[in-house]
Amino acid sequence: MEIKRDRYLEQLKLRQRNGMIKIVTGVRRCGKSYLLFKLFLEHLLESGVPRNHIIDIALDDIANDALRDPHVLYDHVRGRIVDDQPYTILLDEIQFVDRFADVLNGFSHIDNADIYVTGSNSRFLSSDILTEFRGRGDEVRVWPLSFAEYLSACQDSPEDAFLDYMTYGGLPRILSMKTDAQKIHYLESLFRETYLKDIIDHNRIRNTAELESLVNVLASAVGSLTNPTKLADTFKSRLKSDISDKTIKRYMDYLQDAFLIDCALRYDIKGRKYIGTPKKIYFVDTGLRNARLGFRQVEETHLMENIIYNELRARGYAVDVGIVEIRQPDSEGSSKRVQLEVDFIATLGAKRCYIQSAFAIPDAAKKQQEERGLLKIGDSFKKVVVVGNHIKRRQDDNGIITMGIRDFLLDENSV
């Protein structure tokens, strides 16, 4: 089964021989190794790179246990570079190597070496990109399968495929599983035995029950505005826990470092400034989010919003939650300030798009409600309302485009 990951393959191609260390990051099991060791390796061979000039090492393989020693790995790679022709070095799960930043910096001094590595923990890697590599690190963030990637390897109709995608997410291995029971078991076990265990072990967390409760609360409130103080109040009132807001913030940082969650800040569109907390939390994969809750809260409205957020981030956009402040007459003949929310502001360089996620628009009143914030923005950037049903794309007299979710996800130019 071939899964197309052209979005990331093109990013790797564009970075070839750029003199930097290419670091492929993302949540575990999202397909980083497949991207680097199959798709990119095939590209190298098809481009005429000799096989003996590609040094590929899977450091999570017990067969390469000895190479986890930094000196052994360095000497092994240097020993395989025997001429002045270009070499490509592919290292999978580099975090298994002690002092890996020193090793990679050593490799970067080899003039004819082009270096690519994968890793699964952003604090292990992203911080080093900014510090240890001093401008020589180039990060490529990989997300679980987009719906377009999922559909490219799926035999179902787009309608059925999207329902499965919303429920079970886009981790590549899901596509090889035939039954709902298999998918559920895989996702629940993966969350419990891999992701949470990694976070607990790496950060030496003692009170694991608090962390697990926080994950449940975040999963239940996906797409809702929140902050550590608000969450601490929830723990105190509902769970009778005295966990502090500082501890909650630290745990949320751990979850984000492990790529399990991502955050969208609030942005005042007219005032052109960030508001700060609260912010919205989204899960990197809806299947993992659903699995954490035992598939008991599969709410289409919130899941569609989460899918749109992930799609925008995977396309390379910075994503914020928009706020438009207006003055509205009150019952006393005066006026009051009202904040209207725009679900997403997607920004990529000078490009910007405002997006509302509305699973259903059953009548004119709902349409007016969804478009109200967009109409008050007052600039000429693209404005889109994404709905849950399959409709023909249309643009009204105000310039607002309405399209179905599948159309939005499958069209790279929908934003």
Side-chain angles (χ1 to χ4, degrees), residues 143 146-147 162 165-166 218-227 261-286 289 297 299-326 338-348 351-362 365-389 391 393-396 398-409 411 414-415:
W143 292 71
S146 68
F147 180 58
F162 182 71
Y165 181 74
M166 180 181 284
L218 294 175
S220 295
V222 67
S224 300
L225 289 169
T226 191
N227 59 33
I261 65 171
D262 211 44
C263 302
L265 300 177
R266 290 200 303 167
Y267 183 77
D268 181 345
I269 297 172
K270 290 187 174 181
R272 298 183 181 182
K273 61 183 179 181
Y274 283 98
I275 297 174
T277 60
K279 54 190 175 182
K280 286 192 175 184
I281 307 297
Y282 295 99
F283 273 70
V284 72
D285 182 77
T286 55
R289 179 266 180 191
Q297 295 182 35
E299 310 102 332
E300 294 168 321
T301 300
H302 299 305
L303 292 177
M304 190 178 93
E305 185 178 325
N306 201 143
I307 288 170
I308 292 171
Y309 177 84
N310 289 345
E311 177 68 23
L312 292 170
R313 295 286 287 115
R315 292 185 188 185
Y317 286 87
V319 183
D320 301 309
V321 177
I323 297 297
V324 183
E325 191 172 274
I326 64 170
V338 176
Q339 288 187 339
L340 305 177
E341 182 175 298
V342 176
D343 287 330
F344 300 122
I345 308 171
T347 307
L348 183 60
K351 187 177 181 180
R352 176 179 289 186
C353 182
Y354 303 105
I355 299 165
Q356 288 285 64
S357 172
F359 184 76
I361 302 182
K366 177 65 173 176
K367 182 177 185 294
Q368 183 180 21
Q369 176 188 331
E370 293 296 340
E371 294 183 353
R372 190 182 181 197
L374 298 176
L375 292 171
K376 295 295 183 179
I377 292 174
D379 63 34
S380 59
F381 288 113
K382 193 172 184 178
K383 300 171 180 67
V384 178
V385 177
V386 183
V387 298
N389 57 320
I391 64 169
R393 186 185 309 202
R394 59 178 180 264
Q395 182 170 338
D396 65 19
N398 295 310
I400 296 176
I401 299 168
T402 302
M403 69 177 71
I405 180 63
R406 296 198 304 276
D407 190 8
F408 175 84
L409 296 174
D411 180 3
S414 59
V415 179

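The structure displayed is predicted, hence computed values, not measured ones.
- No more than 12 heavy atoms of other residues, nucleotides or ligands sit less than 6.0 Å from atom NZ of K376.
- Remark: side-chain polar atoms of D379 are paired, donor with acceptor, to backbone N or O of F381 under 3.5 angstrom.
- Rounding to the nearest 0.5 Å gives a distance of 9.0 Å between OG1 of T347 and OH of Y317.
- Here CG of L312 is found 11.0 Å from CG of D320. Values are rounded to the nearest 0.5 Å.
- Considering all non-hydrogen atoms of both residues, I345 and G322 come closest at CD1-CA, 3.5 Å.
- Considering all non-hydrogen atoms of both residues, V284 and N310 come closest at O-ND2, 3.1 Å.
- Residues T402 and D396 are not in side-chain contact: their nearest non-hydrogen atoms beyond the backbone lie 4.5 Å or more apart.
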Legend entry - Full working for side-chain contact (heavy atoms from CB on, under 4.5 Å) between L409 and F162: CA-CA 10 Å; L409 296 174; F162 182 71; 3.6 Å; yes
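- Side-chain N or O atoms of Q395 include none that pairs as donor or acceptor with a backbone N or O of I401 at under 3.5 Å.
- A donor-acceptor pair is defined here as one N or O able to donate and one able to accept, closer than 3.5 Å; such a pair exists between the side chain of D343 and the backbone of S357.
- Classification of the F147-Y165 ring pair by plane angle, with boundaries at 30° and 60°, yields tilted.
- Taking OG from S220 and NE2 from H302, the interatomic distance works out to 10.0 Å, rounded to the nearest 0.5 Å.
- V415 is not listed as a side-chain neighbour of V384, based on a closest heavy-atom distance of 4.5 Å or more.
- Formation of a donor-acceptor pair under 3.5 Å by the T286 side chain with backbone atoms of M166 is found in this model.
- Looking only at side-chain heavy atoms (C-beta outward), E341 and L225 come within less than 4.5 Å of each other.
- Contact between D411 and R315 at its shortest, heavy atoms only, is O-NH2, 3.1 Å.
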Inset, instruction - Apply side-chain contact (heavy atoms from CB on, under 4.5 Å) to the pair V342 and Q356, showing each step before the final yes or no. - result: CA-CA 6 Å; V342 176; Q356 288 285 64; 4.2 Å; yes
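- Summarising the geometry, atom CD1 belonging to I323 is positioned 8.5 Å from atom CG belonging to L340; distances are rounded to the nearest 0.5 Å.
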Legend entry - Working for side-chain contact (heavy atoms from CB on, under 4.5 Å), residues R289 and Q297: CA-CA 9 Å; R289 179 266 180 191; Q297 295 182 35; 4.1 Å; yes
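- The shortest distance between side-chain heavy atoms of E305 and K280 falls below 4.5 Å.
- The backbone N or O of K270 lies less than 3.5 Å from a partner atom in the side chain of D268, making a donor-acceptor pair.
- Considering every non-hydrogen atom in both I355 and A346, the closest pair reads CD1-CB, 4.5 Å.
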Legend entry - Worked check of side-chain contact (heavy atoms from CB on, under 4.5 Å) between L374 and N398: CA-CA 10 Å; L374 298 176; N398 295 310; over 6 Å; no
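- Because its NZ or CZ atom is not both nearer than 6.0 Å to the ring centre of F344 and within 45° of the ring axis, R313 does not count as a cation-pi partner of that residue.
- Considering CG of D262 and CG of N306, their distance stands at 9.5 Å, rounded to 0.5 Å.
- Rounding to the nearest 0.5 angstrom, the gap separating the OG1 atom in T226 from the CD1 atom in I281 is 7.0 Å.
- Other residues, nucleotides and ligands contribute at most 12 non-hydrogen atoms within 6.0 Å of the NZ atom of K273.
- Residues Y354 and V324 fail the side-chain proximity criterion, which asks for heavy atoms closer than 4.5 Å.
- Remark: Q368 CD is loosely packed, at most 12 non-hydrogen atoms of other residues, nucleotides or ligands lying under 6.0 Å away.
- Y309 contributes no side-chain N or O that, together with a main-chain N or O of F283, makes up a donor-acceptor pair within less than 3.5 Å.
- In terms of heavy atoms, S414 sits closest to F408 at OG-O, 2.8 Å.
- When all heavy atoms are compared, the tightest approach of G388 to I405 is O-CG2, 3.6 Å.
- Listed by chain and number, the residues in a side chain to side chain contact (heavy atoms under 4.5 Å, CB included) with E325 are R337, Q339 (sequence neighbours excluded).
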